[in-house]
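What follows is a single structure, written as structure tokens, with notes after it.
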Protein chains: 2
Amino acid sequence: MSRRRAVPKEHSHRMAKPTPSLTVALLQAREAAMGFFRPLLNEHGLTEQQWRVIRILKEVPEHQLESRDLAEIACILRPSLTGVLVRLEKTGYVKRWKPANDQRRLCVSLTEEGHRLFDAMSGDMHKQYRRIKRQLGADNYKTLMALLDQLQRVEP
Amino acid sequence: MSRRRAVPKEHSHRMAKPTPSLTVALLQAREAAMGFFRPLLNEHGLTEQQWRVIRILKEVPEHQLESRDLAEIACILRPSLTGVLVRLEKTGYVKRWKPANDQRRLCVSLTEEGHRLFDAMSGDMHKQYRRIKRQLGADNYKTLMALLDQLQRVEP
DNA sequence: TTTTGTACATTAAGATGTTAATGAATTCAA
DNA sequence: TTGAATTCATTAACATCTTAATGTACAAAA
């Protein structure tokens with residue numbers, strides 16, 4: 001009876017979204033942003049998580065981190081990171097080793113391969129960031145980053 | 001030689017984070033926010049995705065959506081949603097069926113069980129939202145939601 | 001020193017993310 | 001009306017998420 005009248009064209013029947021929750025809004029916004037980068041990652045055969053690891057290692061002094069810290073910064077849980085690093089080592093982008101002074105820990109660093117990959121992707125990455133910034137407005141972008149930083153610090 | 005001097009106390013050696021990218025910032029912020037809700041979800045044996053489905057169905061007129069629309073709003077890819085819905089149906093929170101006028105599509109709606117679950121969790125959920133809003137500030141919260149909404153609309 | 005506790009990485013198991021491929025139902029054009 | 005495109009959900013295969021459990025290495029207390 002009150003069923004939606006079949007509207008064949010594409011999905012022009014997109015309906016009003018329910019009031020989004022904060023966490024859903026964050027997710028949807030991130031999805032929109034990732035849309036700019038996913039094609040580039042795919043071209044290079046990288047997953048999101050693999051790229052986060054490479055990106056973070058590149059920006060840290062000595063391009064080297066302890067697994068524990070890397071996990072926290074990259075928002076990858078330790079069990080997941082184990083596999084990510086195994087695969088990244090297999091493809092030759094990072095090196096793993098246990099520091100002699102503490103055999104519990106695990107250290108990770110970028111290989112030459114890893115550096116070359118990052119440098120090769122860097123240009124296109126920046127290009128996409130500029131496009132996002134243009135669509136959102138430079139001021140908005142700045143404000144958003146500041147608010148995200150604040151939100152990141154809240155705790156239960 | 002220049003190795004970090006073992007600092008036993010907790011992890012007070014947290015180092016300066018590299019300039020966060022937008023997508024990483026969104027991820028970290030969302031992680032912080034989810035910290036408020038994860039315990040509650042666990043108490044009720046729900047995953048994040050299952051809760052998103054229930055929440056979204058609850059807020060939509062007639063508490064019913066086509067699978068396709070649900071996937072887009074909940075930021076769950078279609079292949080994943082298939083499994084999520086199978087499990088949610090198995091636990092009795094949603095009902096699935098194919099509309100007679102188009103056998104390709106799949107419809108989903110909340111069961112009575114689903115409504116009861118949502119209502120039972122609603123109070124605690126709001127409580128956590130208030131705590132986040134208090135820590136972030138009401139104005140900041142509002143601004144953030146507006147900016148996330150804008151970001152959600154950018155496209156490559 | 002032995003005991004106890006703690007900090008790590010890893011494994012395990014089930015759920016989800018991600019892309020490509022399949023297959024069925026519907027639409028569109030010839 | 002027939003056959004070629006489209007629109008869906010689903011399956012497949014691999015990567016990751018998530019919590020709990022293991023096991024090892026180090027640290028602190030007895």
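Below, chains carry the letters A, B, ... as their sequence lines are ordered, and counting in each starts from 1. Just the heavy atoms: all of them, side chains too, but no hydrogens, waters or symmetry mates, feed the values below.
The CG-C1' distance, from B:Leu106 to C:dA24, rounds to 14 Å in whole Å. In this structure, B:Leu41 places its CG atom 11 Å from P of D:dT18, rounding to the nearest Å. In this structure, B:Glu66 atom CD and D:dC8 atom P are separated by 8 Å, rounded to whole Å. B:Lys98 places its NZ atom 12 Å from the P atom of D:dC8, with the value rounded to the nearest Å. One can place CG of B:Leu27 at 9 Å from P of D:dC17, the figure rounded to the nearest angstrom. Regarding B:Arg68, its CZ atom lies at a distance of 21 Å from the P atom of C:dA24, rounded to whole Å. Rounded to whole Å, the distance from CG on A:Leu88 to C1' on D:dA15 is 12 Å. When the P atom of D:dA12 is taken as reference, atom CZ of B:Arg78 falls 19 Å away, rounded to whole Å.
Taking 4.5 Å as the limit, every side-chain heavy atom of A:Arg52 sits out of range of all side-chain heavy atoms of A:Ile73. Looking at heavy atoms from C-beta onward, B:Arg30 lies out of side-chain contact with A:Arg30 at the 4.5 angstrom threshold. Residues B:Ile132 and A:Leu151 have side chains in contact (heavy-atom distance under 4.5 Å, counting atoms from C-beta outward).
Close to C:dT10, at under 4.0 Å from its OP1 or OP2, lies no side-chain N or O of A:Arg105. At C:dT26, none of the side-chain N or O atoms of B:Arg104 fall inside 4.0 Å of OP1 or OP2 (strictly under the cut-off). Within the structure, a side-chain polar atom (N or O) of A:Arg96 is placed less than 4.0 Å from OP1 or OP2 of C:dT10. Distances shown here put a side-chain N or O of A:Thr82 below 4.0 Å from the OP1 or OP2 atom of C:dT10.
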Identify every side-chain donor-acceptor pair in residues 37-46 of chain A under 3.5 Å, counting partners at least two apart or on other chains, and give the distances.
residue : atom : partner : partner atom : Å
A:Arg38 : NH1  : A:Glu48 : OE2          : 2.6
A:Arg38 : NH2  : A:Glu31 : OE1          : 2.8
A:Arg38 : NH2  : A:Glu31 : OE2          : 3.4

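Each end of the helix from C:dT1-D:dA30 to C:dA30-D:dT1 yields a helix axis from five base pairs, and these two axes differ in direction by 10° (to the nearest 10 degrees).
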Given the rule in the side-chain contact (heavy atoms from CB on, under 4.5 Å) test, do A:Thr82 and A:Leu106 qualify, once you have shown the distances and angles that lead to the verdict?
CA-CA 10 Å; A:Thr82 294; A:Leu106 178 68; over 6 Å; no
Begin with the C-alpha distance, continue with both residues' side-chain angles, and end with the deciding distance and a verdict on side-chain contact (heavy atoms from CB on, under 4.5 Å) for A:Val60 and A:Leu70.
CA-CA 10 Å; A:Val60 100; A:Leu70 178 55; over 6 Å; no
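Using a cutoff of 4.0 Å between basic side-chain nitrogens and carboxylate oxygens, B:Lys127 and B:Asp124 are scored as salt-bridged.
Clustering ILVMFWY residues whenever any of their side-chain heavy atoms sit less than 4.5 angstrom apart, transitively, puts A:Leu144 in a cluster other than the one holding B:Leu27.
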Heavy-atom protein contacts under 4.0 Å, nucleotides 15-23 of chain C, coded B base, S sugar-phosphate only, - none:
SSBBBB---
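Residue A:Gln50 forms a side chain to side chain contact (heavy atoms under 4.5 Å, CB included) with just one option from A:Leu88, A:Thr91, A:Val94, and that option is A:Leu88.
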